[in-house]
Number of protein chains: 2
Amino acid sequence: MPEGQSSLDLLEIWESLMPSLSIDCVVFGFHDGQLKVLALKLKNTEQYALPGGFVRKDESVNEAAHRVLRDRTGLTDIFLEQFYVFGERERGDQRVHQEVFRANGVEIPDDHWLFQRFVSLGYYALVDFSKVRSTPDWLSESCDWHDHRDLPPMILDHNAIVTKALETLRLMLDHKLVGFNLLPEKFTMGELQQLYETILDKELVRSNFQRKMLSLGIFERLEKKMTGAANKAPYLYRVELNTLRNKD
Amino acid sequence: MPEGQSSLDLLEIWESLMPSLSIDCVVFGFHDGQLKVLALKLKNTEQYALPGGFVRKDESVNEAAHRVLRDRTGLTDIFLEQFYVFGERERGDQRVHQEVFRANGVEIPDDHWLFQRFVSLGYYALVDFSKVRSTPDWLSESCDWHDHRDLPPMILDHNAIVTKALETLRLMLDHKLVGFNLLPEKFTMGELQQLYETILDKELVRSNFQRKMLSLGIFERLEKKMTGAANKAPYLYRVELNTLRNKD
């Protein structure tokens, strides 16, 4: 139970939520050539889940998504967008919620809407892996990165939610140039290409990729990245248009 | 009121719905160089609205969208996809629902969730204008096409929903080649170009457009379209891959 709160306090909190609705966030990070996803290990259980939560009656769904992500992982000020509504009639065993709350000392009546069917609004987030120090909440033992191809089985349809988020990321990669949100501020063309190759899961031709990217006219060329011999050091780039680093 | 039903029957129906959720459909059609949108005139009122409805507890949200569109417009078997969740705290005056039901002889208690805030799942549909004989339901006086730039003011945030749907259509036009759903089965390259120009609201260079389209390798060239002199008649095409005509 959260410090200083009782089951009754929690029931009151649930009264302030919109019934039938939840939010689940797929947080992507890129590191060491791997596309990673953030998953919570739920405290005192063997269950894993995406960071998720509910919508308060006094906030918009997009505000709710930002708050939920902040409360459950400590992440703020990041690219976060709706991508799909998960509204199948059966999304898996809803009783898992009862198990998780009970294991953490919270008793909720069996007939509460929390244990009925609800529809989940899927959001995906793109974060610069190097900047993340995620903090698990009172219901979570840990909040860790997993390779997207090697995720633990998660509750309900959460693994399917990740699959759909990845489809969306692939579709949006070129169109809205969202990929930059996964890189540090300064990067080489080689690092950018590795990011694209990992997300698209295919090799790209170096010269074509660089020509296409540079023709977009959105990169500012900076100093060389000094790692070895100066004559072979690649240039660093950054995105010139602030508008592309979508923070909302 | 629907024939043979009482207010009590209707209340029972509302008990079978998921609270806090609605569905609104933006139906696009293309005709005479205009991109059109279907709007309902609500019976015995001066209000216009998008075809919309609610989600039953025993159906998925996507099933609900197809049913709602069929019930309210008579349209079946068409391209219909989620595009955004409209979940602002204030989406306009919810009392308009009370006005509409009262004007049609249905009395619903003021404290019903129908008059509270709900979140609307936005779907967009693309239909071949020539095939549509839409049929208004018991709450609607008519169900008519309007140029998308000249829509009547609609209830709640429905005009904003159309704007967002149009943004999505533009984004998806190339990526998922959804545009074909707006054309008859056989079309000329000129007709296809006119469709793209209307949706994107800009002129395209004829030779570039045709080269790009034909390079996709998805068109089957058919007979010439005979309208005037045979030597000037353009070829008709159709999409070869059935998979592109997404019916779900």
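Values reported hereafter were calculated over all heavy atoms of this structure, with side chains retained and with hydrogens, waters and symmetry mates removed.
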- prompt: Looking at CD of Glu167(A) and OH of Tyr124(A), how far apart are the two atoms once the value is rounded to the nearest 0.5 Å?
  reply: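 Separation between the atoms: 12.5 Å.
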Using non-hydrogen atoms only, which part of Phe86(A) is less than 4.5 Å away from chain B: side chain, backbone, both, or neither?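 Contact with chain B involves no heavy atom of Phe86(A) at all.
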### Query
Measuring heavy-atom distances to chain B, does Leu171(A) have an atom under 4.5 Å in its side chain, in its backbone, in both, or in neither?
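Both backbone and side chain of Leu171(A) come within 4.5 Å of chain B.
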key: Option that, when pairs with chain A are counted at under 4.5 Å, heavy atom only, ranks first among Glu59(B), Met18(B), Gln116(B), Gln82(B)   =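 Top option by heavy-atom pairs under 4.5 Å: Gln82(B).
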Inset, instruction - Against chain A, work out which of Glu88(B), Arg56(B), Glu63(B) has the most heavy-atom pairs shorter than 4.5 Å and name it. - result: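 Result: the option with the highest number of such pairs is Glu88(B).
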- Residue from Val127(A), Thr73(A), Leu69(A) passing side-chain contact (heavy atoms from CB on, under 4.5 Å) with Leu38(A):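 Answer to the side-chain contact (heavy atoms from CB on, under 4.5 Å) test with Leu38(A) among Val127(A), Thr73(A), Leu69(A): Thr73(A).
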Salt bridge (Lys or Arg N to Asp or Glu O under 4.0 Å) between Glu197(B) and Lys202(B), intermediate numbers included: CA-CA 5 Å; Glu197(B) 288 180 335; Lys202(B) 66 176 179 195; over 6 Å; no
Given heavy-atom pairs under 4.5 angstrom as the criterion, report whether the side chain, backbone, both or neither of Tyr84(B) touches chain A.
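For Tyr84(B), the contact with chain A is made by backbone and side chain together.
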Can you confirm if the aromatic rings of Phe79(A) and Phe28(A) lie within a centre distance of less than 6.0 Å?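 Centroid distance Phe28(A)-Phe79(A): not below 6.0 Å, so no.
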### Message
Taking NZ in Lys57(A) as the centre, count heavy atoms belonging to other residues, nucleotides or ligands within less than 6.0 Å. Is the count above 12?
### Response
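More than 12 heavy atoms, drawn from other residues, nucleotides or ligands, come within 6.0 Å of this atom.
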